[in-house]
Amino acid sequence: MNERIDRLVKAARSREIFPVTVPVEYDEFDLKLAEPLRIAKRLTEYMAAQPCYFTDDNELVGMMHFDGSVEADLFTRSGHKNIVEALSKYYNQPQENLCTMEWQHSNADFGKVIRIGLTGLRQEIIEARRHYHNDISRLNFLAALEAMIRGITRRSRQYATECRMQATICQDPARKAVLLRMASNCRQVPEYPARTFEEAVQCLYFCFMFQPDSIGRPDQYLYELYQNGIANGTLTREHAKELLQELYVMIHGWTRFGCPNADRGAESHFVIGGYTIDGSCAWNELSELILEALLETDLIRPQISLRWNHKTSRSVLEKILDSERKDKNKRIALVNDEPRIAAMIKNGIPWETAFDYIMVGCNEPAFQGGISLGGNTVNIVRSLVNTLNDRRAEVLESPDFDSFYAVYEEELHNDLETILDYSNRFNMLRSRDCNVLTSLFMPGCIERAASINQGGAERARWCANFMGSTNLIDSLCIIRQFVYEEKRCTMETLLAALDADWKGYEELRAAILNTGRFFGNNDELSNQTAQRFYASVNNFAQGRTDIFGHYLCYGNLTGYNIHYARYGALTQATPDGRVAGSALLFGSGQANGKERDGITSHLLSVAGMDQTGVMCGNTIMNISVDENTVQNEESFQKFVVLVETYFREGGLQLQLNHVSARELIAARKDPDKYKSLRVRVSGFSATFVNLSEQHQENIIARTVNSL
Amino acid sequence: MQEHKTLVFAIEKFAVNDGPGIRTVVFLKGCPLRCIWCHNPESQTFNAELLFNSDRCVNCMMCAGNCPEICHRAQEGRHIFDRNKCVSCGRCSVTCPSGALNCIGQKLTVNDVMKEVMKDLAFYRNSGGGLTISGGEPLAHFTFTYALLKEAKTSGLHTVIETCGFAPWEQIAELLPLVDLWVWDIKSSPAKHRELTGVPIDTILENLQKLTNAGGQVILSCPLIPGVNDEDEHLLQIAEIANRLPNIQGIDLKPYHPMGENKNRQLGRKKYFK
């Protein structure tokens with residue numbers, strides 16, 4: 001890392017690097033305009049009023065925040081008044097102890113604007129206009145998009161002018177040349193297609209402000225210009241790395257310094273690797289450079305997932321895991337293409353779209369230029385609690401586990417139906433605001449002449465996140481084992497124990513905890529139970545769609561919020577030995593030492609739990625690895641094979657921690673000593689001592705049995 | 001043969017220090033040696049044993065209600081365990097809520113063990129790993145060890161045996177075609193071997209010579225205990241063996257760790273090497 005980047009990194013880590021926003025007084029007579037036109041007009045005015053800001057160390061420009069005075073980017077929903085009101089009622093607030101409204105992520109098609117420029121988008125708008133010549137509302141929307149193109153172009157020209165002006169007064173010839181190059185870049189992009197790698201990164205940097213979420217698959221859409229530059233000698237590997245690092249600094253700094261989420265990085269998640277459209281391994285020299293550039297920068301964001309697949313070589317996997325173990329900022333995770341792409345194709349997504357999927361947010365699959373709908377977290381344990389309470393007579397009469405399960409499955413499907421209903425209603429609330437800024441960069445919005453959140457998105461996915469799926473599977477296992485197979489207690493006794501929150505039934509609870517055949521031990525009973533549960537979920541989901549027509553799939557991440565603890569607080573004791581009010585588990589795996597049979601069994605259980613692909617949504621798998629295992633070279637090589645085998649067996653995602661429970665407990669006691677201890681939480685990483693108490697407890701619980 | 005049972009005290013998955021690749025180690029309970037530093041003291045006897053960790057005990061006395069021999073009682077609110085009465089049935093450990101009581105040693109058949117071992121086949125295939133039999137002393141469970149190795153070979157697994165080598169040569173010779181790698185302990189110089197392990201070294205060295213001459217591939221496994229066997233005489237002996245014998249693939253010097261001390265206390269054994 002050179003000195004210039006080092007200074008930029010230090011600045012981003014120590015203070016706010018984005019310019020202060022300049023408030024704008026909008027001409028209120030614009031209220032007479034149609035909504036999209038009013039929004040576009042105000043956005044244009046707002047952008048024009050913001051300062052052109054860069055330091056002597058910058059070679060890329062465009063930094064800007066929106067202040068909430070007008071409907072801006074879709075990620076923050078800046079200025080989207082209706083959604084702000086809806087979130088105040090439903091965000092983080094469990095409805096019926098079943099469902100809560102969550103944030104949503106999406107990804108602008110940056111590759112497209114790099115390739116065709118805003119002029120290319122304008123051509124698409126002209127083309128679309130022909131289809132809607134009698135539809136005034138759609139024509140207004142398209143006019144608004146066109147206005148946005150003018151506003152964005154004007155802002156890039158402002159930057160070009162500023163760079164040229166500074167070049168004229170600059171005394172340093174080297175910096176002067178850089179400033180002139182910056183001016184030239186801003187005249188070219190994003191208005192016209194990028195001709196060089198540097199222009200492409202400038203375009204990405206500049207347009208990130210309009211959808212500051214994932215940057216998608218930069219190792220794919222930047223690769224051709226990277227190759228050209230290297231081949232014709234206009235670009236060096238070192239300079240390309242510098243540009244990437246400056247981009248990372250901006251992405252890191254985009255989250256306001258000192259805000260509660262400044263410590264985390266989910267909004268910056270993108271992918272490297274995966275497949276190319278012809279089914280080859282997409283890993284290339286630029287993927288490697290992106291990773292190398294990341295490791296050299298001591299930043300918290302951006303965060304990366306490797307897309308692993310059958311074409312990924314072991315040396316690439318080793319490189320990723322080697323980077324992962326060296327990255328003290330814990331920015332790297334891994335996902336498996338195979339089950340996810342298979343599930344997409346099964347649900348009618350063509351290969352031409354599926355191969356190009358990305359990960360956004362904490363760990364949410366999306367498409368390049370697509371939106372991740374739903375993402376709402378749900379209490380999946382409630383279906384079992386309802387079965388045991390509301391259907392008690394049928395439960396007590398069930399002569400065998402199959403009969404019991406039939407009753408349970410009905411309750412599960414009832415809850416899945418209610419969850420879908422909630423999700424549809426939440427998404428309708430999200431569609432009340434019109435968005436023109438991000439929509440410009442989202443495939444489908446121009447062709448359909450509709451805002452991304454109002455049916456414009458061509459590439460969208462729906463998902464709901466289960467909190468407590470492992471508690472649920474374990475509870476089903478215990479019912480099957482203790483009540484029906486080994487007959488160690490009657491259903492009456494078990495229900496009485498749950499009603500009493502185990503008081504007076506401590507012996508039964510201890511026997512369950514000590515000898516229960518819990519999920520994660522590659523045990524026939526628990527594996528079958530997990531597969532049966534997910535098959536039931538699939539039976540519900542198969543053939544259904546959400547209100548916008550997207551197929552249903554599920555996941556299990558909790559995001560930044562402690563949904564699992566909130567639901568747990570409202571949920572009674574469960575047959576897995578859990579006491580009333582205690583937190584549920586999230587993610588695919590086990591915790592609290594219930595994974596007695598070691599890491600291979602844990603991974604195999606998780607890899608085989610879902611035979612249907614219905615869990616190919618926002619699914620995560622946390623494992624804790626003893627530092628000695630990854631630091632010792634010989635055992636590290638075996639660890640690489642462990643991960644590869646897990647993926648070959650169908651595991652969907654993996655993220656790692658390398659700390660001991662003892663270290664985590666010590667950190668809780670003496671936070672000042674552990675200010676730099678980073679951990680993976682739920683698809684994102686964070687500083688351990690800054691996490692909520694519940695997040696800390698969850699991480700300690702799943703670290704107890706590190707391999 | 002498949003129905004023959006022996007005492008297994010642990011089956012450890014993702015073992016990365018017991019042979020090539022990712023392995024499953026099957027630990028058999030019972031050993032003819034009594035090494036004073038043994039880090040797995042629960043592996044020494046040929047019967048099930050109860051580990052009692054008083055540090056974890058919460059004095060709930062749930063164990064007392066499940067013990068047919070009345071080994072557990074409360075005295076002034078504290079749990080007292082009478083080991084002399086204990087028959088290691090393990091019933092108390094099932095309901096112990098704190099994990100203070102653990103019954104070590106489960107009688108398993110070869111089929112039982114192979115069922116567990118084969119669960120990780122995908123990991124062995126991808127890493128060149130397989131099955132390692134350890135102990136205790138696997139050769140002290142010859143019939144079982146032979147049958148297990150035979151099954152493992154039939155299933156195409158790479159096999160490793162970790163042994164002190166103290167067994168009749170005929171048994172070792174019989175196992176030879178079934179074992180891909182022998183991890184062979186050299187624990188001390190001849191002069192101190194009996195004092196430190198309870199048996200003389202002669203048979204061990206003779207067997208090693210015959211094994212390597214017969215083509216057995218061997219790694220010498222040598223625990224170094226500070227102040228006990230980390231002397232020149234022992235180290236020179238290791239070097240001499242490695243130089244003289246064929247088919248020695250390497251020397252694994254193992255540093256001492258005191259994990260056995262706590263387990264020794266939990267087994268109710270007062271003396272432990274310091």
Side-chain angles (χ1 to χ4, degrees), chain A residues 314 317 482 486 488 502 505-516 521-524 527 577 579 592-593 595-605 607-608 623 625-626 628-630 632-651 704-707, chain B residues 10-27 56-67 72 90-103 106 112 115-132 219 250 252 255 257:
Chain A
R314 187 171 290 175
L317 179 62
F482 272 63
E486 297 177 8
R488 288 163 70 175
W502 302 105
Y505 297 87
E506 289 81 4
E507 208 168 299
L508 174 61
R509 179 168 181 260
I512 286 171
L513 292 175
N514 287 341
T515 61
N521 293 295
N522 202 15
D523 154 84
E524 208 170 320
N527 283 353
V579 295
N592 296 313
E595 66 281 39
R596 306 182 192 107
D597 204 37
I599 187 69
T600 51
S601 291
H602 196 190
L603 291 177
L604 286 175
S605 291
I623 59 167
V625 188
D626 176 63
N628 293 331
T629 304
V630 289
N632 173 295
E633 284 311 311
E634 195 183 339
S635 56
F636 173 70
Q637 294 304 324
K638 295 180 182 183
F639 177 69
V640 173
V641 180
L642 179 89
V643 173
E644 186 186 77
T645 310
Y646 163 67
F647 282 144
R648 284 193 187 286
E649 294 297 306
V704 170
N705 264 20
S706 62
L707 63 92
Chain B
I11 296 178
E12 186 186 315
K13 310 276 180 78
F14 192 61
V16 293
N17 299 312
D18 300 271
I22 295 171
R23 312 193 70 81
T24 294
V25 184
V26 177
F27 292 92
R56 295 188 73 168
C57 180
V58 294
N59 302 305
C60 67
M61 298 315 297
M62 264 198 266
C63 46
N66 288 297
C67 178
H72 304 280
R91 286 186 205 171
C92 58
S93 64
V94 170
T95 53
C96 175
S98 64
L101 291 164
N102 274 301
C103 194
Q106 198 181 356
D112 294 334
K115 195 174 162 195
E116 274 307 304
V117 170
M118 291 304 286
K119 284 180 178 175
D120 278 5
L121 183 62
F123 293 102
Y124 313 145
R125 286 201 171 139
N126 210 13
S127 69
L131 166 70
T132 296
I219 286 178
D252 187 6
H257 64 77

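Any value given below was found using the heavy atoms of this structure, including those in side chains, with hydrogens, waters and symmetry copies removed. All values reported here derive from a predicted model rather than from experimental measurement. Proteins get letters first, then strands, A, B, ... in listed order; numbering begins at 1 in each.
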Value rounded to 0.5 Å, distance of CD1 in A:Ile599 from CZ in B:Phe123: 8.5 Å
Should we count CD of B:Glu116 as having more than 12 external heavy atoms under 6.0 Å? yes
Might you point out which heavy atoms bring A:Glu507 and B:Met62 nearest each other, and give the distance in Å? CA-SD, 3.2 Å
Answer yes or no: are there more than 12 heavy-atom neighbours, outside A:Glu633 itself, under 6.0 Å from its atom CD? yes
CG/B:Asn17 to OG1/A:Thr629 distance, rounded to the nearest 0.5 angstrom? 8.0 Å
Greater than 12 external heavy atoms within 6.0 Å of B:Arg91's CZ: no
Please classify the contact between B:Glu12 and chain A as side chain, backbone, both or neither, with a heavy-atom cut-off of under 4.5 Å. neither
Indicate the atoms forming the closest heavy-atom contact of A:Glu649 with B:Ala122, along with that distance. OE2-CB, 3.4 Å
Side chain, backbone, both or neither: which part of A:Leu513 has a non-hydrogen atom closer than 4.5 Å to chain B? neither
Would one find more than 12 heavy atoms of other residues, nucleotides or ligands at under 6.0 Å from atom CD of A:Glu486? yes
For A:Arg314, is it the side chain, the backbone, both, or neither that has a heavy atom closer than 4.5 Å to a heavy atom of chain B? side chain
Segment of A:Gln637 engaging chain B (4.5 angstrom heavy-atom cut-off): neither
Name the region of B:Ser98, side chain, backbone, both or neither, that has any atom closer than 4.5 Å to a heavy atom of chain A. neither
Is it the side chain or the backbone of A:Thr515 that comes within 4.5 Å of chain B heavy atoms, both, or neither? side chain
